Q: 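Right, I'll just put the structure down here and ask away after.
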Amino acid sequence: MLYGFIATNAMFYTWSVMQNNVQYAAMMMATGQVTSFSTSGLSCGSSLTSTQVEYYACSGLPPWTTYTAKATETCSVPNVSVSLTTNASTAGLADIYLLFSGKTLTAQSTAMKQGNCP
């Protein structure tokens, strides 16, 4: 049971950090402070630069799992959206009873675009 509590706690901690990061990245993108992004989704890693929205979505995440960041901008309804996904089983550190197996942990944030769309 102790390992179950640790695994669940690690998963919720990971999701909480993911949610904070996507909210910050969406606000950076919505205010025009960062304009470079990839709509196809990028793996979080050291290759990202501070001029990319994904860099802010990926910074400070727990290192025990891998993440995919994706950003979109819609000009018809001026908004931006940033999402992070990861495998729930690895986010939970130790999935002993396979409770999180095959599941995806997702955090997403949408913000109204301020200023003009490109």
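Note that the structure is a prediction, hence the values are computed from the model and not measured.
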Q: Among all residues two or more places apart in sequence or in another chain, which pass the side-chain hydrogen bond (donor to acceptor under 3.5 Å, both in side chains) test with Ser40?
A: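 Testing Ser40 for side-chain hydrogen bond (donor to acceptor under 3.5 Å, both in side chains), a comparison that skips the adjacent residues, returns Ser38.
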Q: Between Tyr55 and Ser36, is there a side-chain heavy-atom distance shorter than 4.5 Å?
A: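 Result no, sub-4.5 Å side-chain heavy-atom pair not found.
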Q: Can you see which heavy atom on Ala69 is nearest to which on Leu84, and at what distance?
A: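 The answer is CB-CD2, 3.8 Å.
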Q: Is the shortest heavy-atom distance from the side chain of Cys58 to the side chain of Asn21 under 4.5 Å?
A: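 No, every pair of side-chain atoms sits at 4.5 Å or beyond.
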Q: Do Ser50 and Tyr56 touch side chain to side chain, with heavy atoms closer than 4.5 Å?
A: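 Ser50 reaches Tyr56 side chain to side chain.
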Q: Applying side-chain contact (heavy atoms from CB on, under 4.5 Å), name anything that partners Pro78, two or more places apart in sequence or on another chain.
A: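 Only Lys113 meet the side-chain contact (heavy atoms from CB on, under 4.5 Å) criterion with Pro78.
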Q: Just to verify, what does Ala30 make a side-chain contact (heavy atoms from CB on, under 4.5 Å) with, not counting sequence neighbours?
A: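 Val80, Ala111.
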Q: In this structure, which one of Leu61, Thr66, Thr68, Thr65 forms a side chain to side chain contact (heavy atoms under 4.5 Å, CB included) with Cys44?
A: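 Looking at Leu61, Thr66, Thr68, Thr65, the match for Cys44 under the side chain to side chain contact (heavy atoms under 4.5 Å, CB included) is Leu61.
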Q: One pair to check against side chain to side chain contact (heavy atoms under 4.5 Å, CB included): Val82 and Val53. What are the steps and the verdict?
A: CA-CA 8 Å; Val82 180; Val53 172; 3.8 Å; yes
Q: Are more than 12 heavy atoms from other residues, nucleotides or ligands located less than 6.0 Å from atom CZ of Phe37?
A: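 It does: Phe37 CZ has more than 12 such atoms within range.
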Q: Taking the side chain as every heavy atom from C-beta outward, state whether Leu42 and Leu48 have any pair of such atoms under 4.5 Å apart.
A: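 Yes, at least one pair of side-chain atoms sits under 4.5 Å.
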Q: Do Tyr13 and Leu105 belong to the same hydrophobic cluster, where Ile, Leu, Val, Met, Phe, Trp and Tyr are linked whenever their side-chain heavy atoms lie under 4.5 Å apart, directly or via other members?
A: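 Looking at the clustering, Leu105 is in the same group as Tyr13.
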Q: May I have the step-by-step check of side chain to side chain contact (heavy atoms under 4.5 Å, CB included) for Met18 and Thr14, ending in yes or no?
A: CA-CA 6 Å; Met18 288 170 59; Thr14 301; 3.9 Å; yes
Q: Does either side chain, that of Ser109 or that of Gln19, offer a donor lying less than 3.5 Å from an acceptor on the other one?
A: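 Ser109 vs Gln19: no donor-acceptor pair found between side chains.
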